[in-house]
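Just the heavy atoms: all of them, side chains too, but no hydrogens, waters or symmetry mates, feed the values below.
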Amino acid sequence: MPPNTALGKDLVGLESLTADQLRAILDTAEAFKEISERQIKKVPVLRGKTIVNAFFEPSTRTRVSFEFAEKRLSADTVNIASSGSSVVKGETLVDTARNLEAMRIDMVVMRHGSSGSAQFLAERIPSNVINAGDGRHEHPTQALLDMLTIRDHVGRLEGVKVCIVGDILHSRVARSNIFGLRTLGAEVGVCGPRTLLPAAIEEMGVKVFARIEEAIEWADVLNVLRLQLERMQAGYVPSLREYNRVFGLTRERVQAAPGELLVLHPGPMNRGVEIDSDVADGPQSVILDQVTNGVAVRMAVLYLLAGGEPEKAEAAKVDGAHG
Amino acid sequence: MASDRQQLLDERAVERALARMAREIIEKSVSTEALSLVGIHRRGVQLAHRIADEISKAEDHRPVVGSLDITLYRDDLMAIGPRPVVGETRLPEGGIDDRVVVIIDDVAFTGRTARAAMDELADFGRPRRILLCVLVDRGGRELPIQPDIVGRHLDVPEGMTIDVLVPELDGRLAVELAPQGG
């Protein structure tokens, strides 16, 4: 009996996914990478499916990545941004969703400022919902592309030591990475100013490093988060220069690493704040691989969620075995 | 479980069939230089490599071999779930434009795999000619597609299915009759 890797209707977060489900997504993404290298970068698998990209928070990278993924699978797509949508006119999330539903859509990719909004939507509409970031909760596809990039370069995730550096407190990327990496057997550490670490972070099963030098000595992989400039205005960090001096990833610090070090960053980067240009453009950086992998991971998630009931799997296997 | 299976072709019989298929491919192609073999994921890929070996024994030239996973071109994908695992698609170096492309699969049944394979190949280029080559033709076509080269025609009783086994995945080279879904 093969493991059940069906994802169900939605992808809200990585917290509830099993190791088999996570591996199914990463393996499918691996196969999908090749499609983006073809001359005709398109396969017909989602032909006739309609997908709405509802981005109620600004995003370029994630939205464009989802759009490429959707188009390479031949889906029809519509984009909604917060400005110019009826959201600014006071329509509730449920009303917006119901209106979209009435236009017979199949999937919604949503970015929203409120934690839990993806789950909220998923429970109320029959379409597949993919969370593209909800408040401080989760950003599952970002963590999946980070994990795929690490697996590509290190060859595995089991036992790999990954340290997430920066603003863990406000970061949905950090949360999704912690859940996914731990489920697949990686060791996870976090490093950042105490003001930007959640109070009970150890309970998530991670090591805490107060100093970046210690984190670098321990880790095989550093995932450096963007420091939101608003955090300084809100008093979490004294100044950007100070942050760079204490936690910034500089060439000197990276060179002091005892072994090979892999550097990830979900972008967009603040060069000279959380990461120096020497490192961002240096040999350890796999930041552009992350962007490439992002499209493949999103293709995999769209493919795995689109239609189908698990109980039909056995019948399909028999019918589809030969032909 | 094993007692429910019945061997139809043993290793020697499969090897002989593959050698004959290789000769037929050589006869039908203008030159082996223009030949590209494309195996359908998964067992078609191993068979394609074996046929390429046979061709190289006869012709001093081993045709290039690629693999094709047709999952994303299936016509029944939206009706089934969970989504099948997608395998590797890697066409031979140099592309397929103007080549004689031989699609190699283990079993010809409904014809839907061959249709999907031709649709997918069309997205990669325009071969001069496409040939369809299968180790076993079990009949039961649902589309007007017939293989050009067949290793063996075999009848399949109700409730049974044909399994082609290859050493790389199954530990042995054989064709067996097995209960459906087993």
Side-chain angles (χ1 to χ4, degrees), chain A residues 1-9 20-21 23-49 72-75 106 128 296 299-323, chain B residues 40-44 67 69-91 95 97 105-117 119-120 122-125 134 136-138 140-143 145 156 159 161-164 178-182:
Chain A
M1 191 71 190
N4 184 11
T5 55
L7 295 182
K9 182 173 87 72
D20 284 329
Q21 288 172 319
R23 272 192 288 268
I25 299 173
L26 297 181
D27 292 345
T28 305
E30 199 62 56
F32 277 3
K33 278 191 202 171
E34 170 268 331
I35 293 167
S36 298
E37 307 297 328
R38 295 182 190 182
Q39 216 153 20
I40 296 177
K41 299 175 180 50
K42 212 176 186 53
V43 293
V45 67
L46 293 189
R47 202 160 54 98
K49 293 273 174 190
R72 285 177 192 176
L73 297 177
S74 305
D106 299 294
N128 307 107
M299 286 168 80
V301 168
L302 292 164
Y303 165 74
L304 292 167
L305 285 180
E309 298 296 320
E311 55 266 34
K312 291 191 196 153
E314 276 309 302
K317 229 175 65 195
V318 173
D319 292 346
H322 299 305
Chain B
I40 304 285
H41 192 80
R42 295 171 62 182
R43 285 167 182 77
S67 66
D69 182 292
I70 55 99
T71 306
L72 303 175
Y73 286 74
R74 282 171 67 151
D75 56 8
D76 58 352
L77 251 192
M78 285 307 131
I80 61 168
R83 310 270 68 93
V85 176
V86 179
E88 187 183 52
T89 291
R90 193 136 325 263
L91 288 186
D97 281 337
D105 203 2
D106 51 358
V107 179
F109 183 23
T110 61
R112 291 178 191 272
T113 301
R115 184 213 52 90
D119 281 354
E120 183 157 16
D123 280 351
F124 281 95
V134 297
V136 176
D137 185 353
R138 56 166 291 186
R141 222 70 81 229
E142 293 170 1
L143 295 174
I145 290 174
V156 180
T161 188
I162 293 268
D163 275 354
V164 170
Q180 203 155 31

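For B/Arg141, the side-chain hydrogen bond (donor to acceptor under 3.5 Å, both in side chains) test picks out B/Asp137, B/Gln146, with sequence neighbours left out.
For chain A, no part of B/Arg43 is nearby; none of its heavy atoms comes within less than 4.5 Å. Only the side chain of A/Ile35 comes within less than 4.5 Å of a heavy atom in chain B; its backbone stays farther off. For chain A, no part of B/Glu142 is nearby; none of its heavy atoms comes within less than 4.5 Å.
Between chain A and the residues B/Val134, B/Leu143, B/Asp123, the most heavy-atom pairs under 4.5 angstrom are made by B/Asp123.
Residues A/Val43 and B/Tyr73 form a side-chain contact, since some pair of their non-hydrogen atoms from C-beta on lies under 4.5 Å apart. Within the 4.5 Å cutoff, side-chain heavy atoms of A/Glu34 are placed close to those of B/Arg90.
For the atom pair B/Leu91 CG and A/Arg38 CZ, the distance stands at 7.5 Å (nearest 0.5 Å). Note that CZ of A/Phe32 is 4.5 Å distant from CG of B/Leu72, once rounded to the nearest 0.5 Å.
Here the closest non-hydrogen pair linking B/Gly87 and A/Ala31 is O-CB, 3.9 Å.
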